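Every value quoted in this text rests on a predicted model; they were computed, and no experiment measured them.
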Amino acid sequence: MKNTILGLMLLFVAFSTQAQDKKNKNAKHTIEVNGNCDLCKKRIEKASLSVAGVKSAVWDIESHQLSLIINEEKCSILDVKKAIAKVGHDTDEVKATNSDYEKLHSCCQYERK
């Protein structure tokens, strides 16, 4: 009888610990994105949010930092950087093509490095 109760208790503990092992799929990241104004802010955030798996995207005009929350099982930071580059904004790793950059409004054309 004691062995049965002990076995059931061990089984219960094993299932409850396994249930708590959920991996947090969402991760926070910050990347630098070049831009100048509120139009840039809207464009950068919209491009970021267009990537499947991006939960949140907020770009700060002053610091040029894009704060992201992404589901790493659905997308990567590189996917987000590529989407941003397609709308004309350079990141540290992915640069916009000249034709994409030239499509930006004149107030949005930042000094390229």
Side-chain angles (χ1 to χ4, degrees):
M1 182 71 161
K2 286 183 182 181
N3 287 341
T4 306
I5 294 173
L6 183 61
L8 288 174
M9 287 177 61
L10 286 173
L11 187 63
F12 175 73
V13 170
F15 279 122
S16 62
T17 4
Q18 186 179 19
Q20 295 174 5
D21 263 354
K22 287 186 178 180
K23 181 182 174 190
N24 186 5
K25 300 172 191 172
N26 295 331
K28 295 180 181 180
H29 296 277
T30 303
I31 59 173
E32 186 174 345
V33 181
N34 292 324
N36 293 329
C37 61
D38 283 328
L39 289 174
C40 296
K41 178 177 173 63
K42 289 177 185 175
R43 188 180 309 106
I44 291 165
E45 291 174 356
K46 184 177 179 180
S48 300
L49 291 168
S50 72
V51 177
V54 175
K55 304 289 183 184
S56 172
V58 178
W59 184 69
D60 181 64
I61 296 172
E62 298 299 317
S63 67
H64 293 195
Q65 296 296 309
L66 176 65
S67 300
L68 295 166
I69 298 175
I70 66 169
N71 181 333
E72 292 183 324
E73 290 185 347
K74 294 184 179 180
C75 70
S76 69
I77 289 296
L78 187 59
D79 295 332
V80 177
K81 290 179 179 180
K82 287 178 182 178
I84 293 168
K86 283 184 182 178
V87 296
H89 294 275
D90 293 343
T91 66
D92 57 345
E93 198 173 352
V94 181
K95 305 296 182 199
T97 63
N98 287 335
S99 62
D100 287 336
Y101 174 77
E102 290 168 3
K103 290 177 188 175
L104 293 176
H105 190 272
S106 61
C107 74
C108 296
Q109 292 184 347
Y110 50 89
E111 187 176 325
R112 296 185 90 179
K113 298 174 186 175

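- Contact annotation: the side chain of Gln65 approaches that of Glu32 to within less than 4.5 Å [non-hydrogen atoms, C-beta and beyond].
- Under the 30°/60° scheme for interplanar angles, the aromatic rings of Tyr101 and Tyr110 are found to stand perpendicular.
- Remark: Ile84 CD1 to Asp100 CG distance equals 13.0 Å, nearest 0.5 Å.
- Nearest approach of Gly35 to His89, heavy atoms of both residues: CA-ND1, 4.0 Å.
- The nearest pair of heavy atoms linking Val54 to Ser48 is CG2-O, 3.2 Å.
- Atoms NE2 and OG, on His29 and Ser76 in that order, are 9.0 Å from each other to the nearest 0.5 Å.
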Show your reasoning for whether side-chain contact (heavy atoms from CB on, under 4.5 Å) applies to Asp79 and Ile70. CA-CA 11 Å; Asp79 295 332; Ile70 66 169; over 6 Å; no

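- Remark: Lys95 NZ is packed, more than 12 non-hydrogen atoms of other residues, nucleotides or ligands lying under 6.0 Å away.
- Proximity of a side-chain donor or acceptor of His64 to a complementary backbone N or O of Asn34 within less than 3.5 Å is not detected.
- A distance-only check finds no donor-acceptor pair linking the side chain of Lys41 to the backbone of Cys37 [under 3.5 Å].
- Shown here for Ala57 and Leu68, the closest heavy-atom pair between the two residues is CB-CD2, 3.7 Å.
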For Asp92 and Lys81: C-alpha separation, side-chain torsions, deciding distance, then whether side-chain contact (heavy atoms from CB on, under 4.5 Å) applies. CA-CA 9 Å; Asp92 57 345; Lys81 290 179 179 180; 2.9 Å; yes

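- Rounding to the nearest 0.5 Å gives a distance of 11.0 Å between NZ of Lys55 and CG of Leu49.
- With Asp90 contributing its side chain and Ala96 its backbone, the two residues share a donor-acceptor pair below 3.5 Å.
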Assess the residue pair Val87 and Ile44 against the criterion (side-chain contact (heavy atoms from CB on, under 4.5 Å)); give the C-alpha distance rounded to whole Å, side-chain angles, the decisive distance to 0.1 Å, and a yes or no. CA-CA 8 Å; Val87 296; Ile44 291 165; 5.6 Å; no

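- Atom NE2 of His105 is separated from atom CG of Leu39 by 7.0 Å, given to the nearest 0.5 angstrom.
- Side chain of Asn36 to main chain of Cys107: a donor-acceptor pair is present (N/O by atom type, distance under 3.5 Å, no hydrogens or angles).
- Taking all atoms of both residues into account, the shortest heavy-atom contact from Cys75 to Ala52 is CB-O, 3.2 Å.
- Asp38 places a side-chain heavy atom less than 4.5 Å from the side chain of Ile61.
- Interatomic distance, Leu104 CG to Glu102 CD, rounded to the nearest 0.5 Å: 9.5 Å.
- Here OG of Ser67 is found 9.5 Å from CD1 of Ile31. Values are rounded to the nearest 0.5 Å.
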